[in-house]
Amino acid sequence: MDPAKVVELMDRVMRDMGGAMTGLLCAIGGRLGLFRELAASGPSTSAELAARTELDERHVREWLLGLTAAGYLEADRASGRFVLPPALAMVVAAEGSPFDLSAGYQLIPALAGMVGDVCESFVTGEGVAQDRYPAELYQAMEEMSASWFDTMLVQQWIPAIDGLPARLQRGGRVADIGCGHGRALIACARAFPESRFVGFDAYGPNVEEAREAAEEAGVADRVTFKRRDATGGLRGTFDLVTAFSVLHDAPEPLPLLRAVHRAVAPDGVFLLLESAAADDPVDNAGPSATVLYGTSLLYCLPASLAEGGPGLGTLGLPPARIREYCGQAGFRSIRALPSANPFNALYEIRP
């Protein structure tokens with residue numbers, strides 16, 4: 001046993017534990033608006049920040065010191081003020097920016113609270129049903145995808161497909177599988193008012209949230225949401241079918257792809273977003289893969305198993321498997337598109 005190696009690994013473990021605690025501190029800062037206030041108002045003492053956010057000063061001070069210890073914040077000893085560096089503000093306090101990762105911190109406490117249930121699933125192999133997860137988890141997922149849908153879907157992804165913007169401007173039919181709170185379809189409905197949209201989600205609370213969001217956005221006349229498994233629920237022909245980070249969770253991925261193949265018009269498009277994964281799972285390495293595997297173990301895998309699914313996991317659809325499944329479903333053309341996001345891979349798939 002090399003004592004130096006043991007000390008090195010102790011340091012590594014402490015750094016990883018520190019990262020976990022930093023994540024929780026950041027989740028608190030995002031939920032209470034502390035990052036946003038620091039970004040908006042600049043260097044602040046704990047008393048000034050507490051007053052502006054109407055929070056208890058002693059708690060705010062401990063939060064500031066904790067993130068200074070983590071290297072997120074900078075402290076001015078002379079003035080007693082704490083500084084959020086502008087570059088970091090773009091990552092933790094710039095809502096609506098494609099660089100904003102703040103919603104990811106909200107996944108941490110929501111998933112951590114499910115450790116006991118997931119440990120039980122390790123023993124039984126039965127998974128954990130979606131309705132056992134807290135509403136905060138689904139809200140965090142919604143917020144994480146918001147920047148993609150608000151800044152990339154209409155602006156980059158749809159224009160990357162030849163002829164699709166013009167087709168939707170003239171008026172087309174669009175279906176979204178696993179629509180969540182409906183953000184993607186609402187963004188499309190605003191951009192293409194002549195088209196008609198339908199979203200499918202098997203989780204009831206998501207459908208209710210989506211309907212309310214469509215009403216608030218003023219697009220409910222052309223966007224509908226259905227609580228239904230799209231495998232048997234797709235009716236008619238669509239110019240565009242989308243599935244954003246849902247295929248790996250589907251109880252029956254291949255039958256679902258076959259249903260999509262039947263529903264897409266002969267000259268239509270299936271737009272698929274999945275986690276960026278290596279064909280050999282051992283090659284999934286580094287911080288992004290660790291986050292995705294953690295999310296997979298605590299949510300995607302057990303939720304799929306609970307529905308009788310194959311339990312592919314968050315990284316279970318690498319390019320080779322996507323091509324295999326799509327080929328078996330009858331699709332003939334699969335093209336990778338730039339996703340501008342390190343977590344995702346985007347595909348244009350045609351019959």
Are any non-hydrogen side-chain atoms of L107 and L298 less than 4.5 angstrom apart?
-> no
Acceptor/donor pairs from residues 113-128 side chains to any protein atom, 3.5 angstrom cut, sequence neighbours excluded:
residue, atom, partner, partner atom, Å
D117, OD2, R132, NE, 3.4
D117, OD2, R132, NH2, 2.6
S121, OG, G127, N, 3.0
T124, OG1, E120, O, 3.3
T124, OG1, E126, N, 3.2

For side chain to side chain donor-acceptor pair (under 3.5 Å), just list the numbers for S145 and R183, CA-CA rounded to whole Å, side-chain angles, deciding distance to a tenth of an Å, and then say yes or no.
-> CA-CA 8 Å; S145 62; R183 199 171 194 112; over 6 Å; no
Using a 4.5 Å cut-off on heavy atoms from C-beta on, say whether the side chain of V207 contacts that of K226.
-> no
Between the CG atom in L73 and the OG1 atom in T68, the distance rounded to the nearest 0.5 Å is 4.5 Å
Just how far is it from atom CG of L101 to atom CZ of F343, taken to the nearest 0.5 Å?
-> 6.0 Å
Contacts of F270 that satisfy ring-ring contact (aromatic ring centres under 6.0 Å, His included) - sequence neighbours left out = F331
Should C179 and N206 count as side-chain neighbours, where that means a heavy-atom distance under 4.5 Å?
-> no
Is it true that a side-chain atom of R167 and a backbone atom of G172 form a donor plus acceptor pair closer than 3.5 Å?
-> no
Does a side-chain heavy-atom distance below 4.5 Å link V269 with V264?
-> no
One should read off an interatomic distance between W157 CH2 and T151 OG1, to the nearest 0.5 angstrom, of 8.0 Å
Ion pair E8/K5, N-O distance below 4.0 Å | yes
Is R61 paired with E57 through a side-chain N to carboxylate O contact shorter than 4.0 Å?
-> yes
Quick one: side chains of residues 243-263, donor-acceptor pairs under 3.5 Å with protein atoms, not counting sequence neighbours, listed by atom name and distance.
residue, atom, partner, partner atom, Å
H248, ND1, E274, OE1, 2.7
H248, ND1, E274, OE2, 3.3
H261, NE2, G330, O, 3.0

Working to the nearest 0.5 Å, report the span between OG of S46 and CZ of F82.
-> 6.5 Å
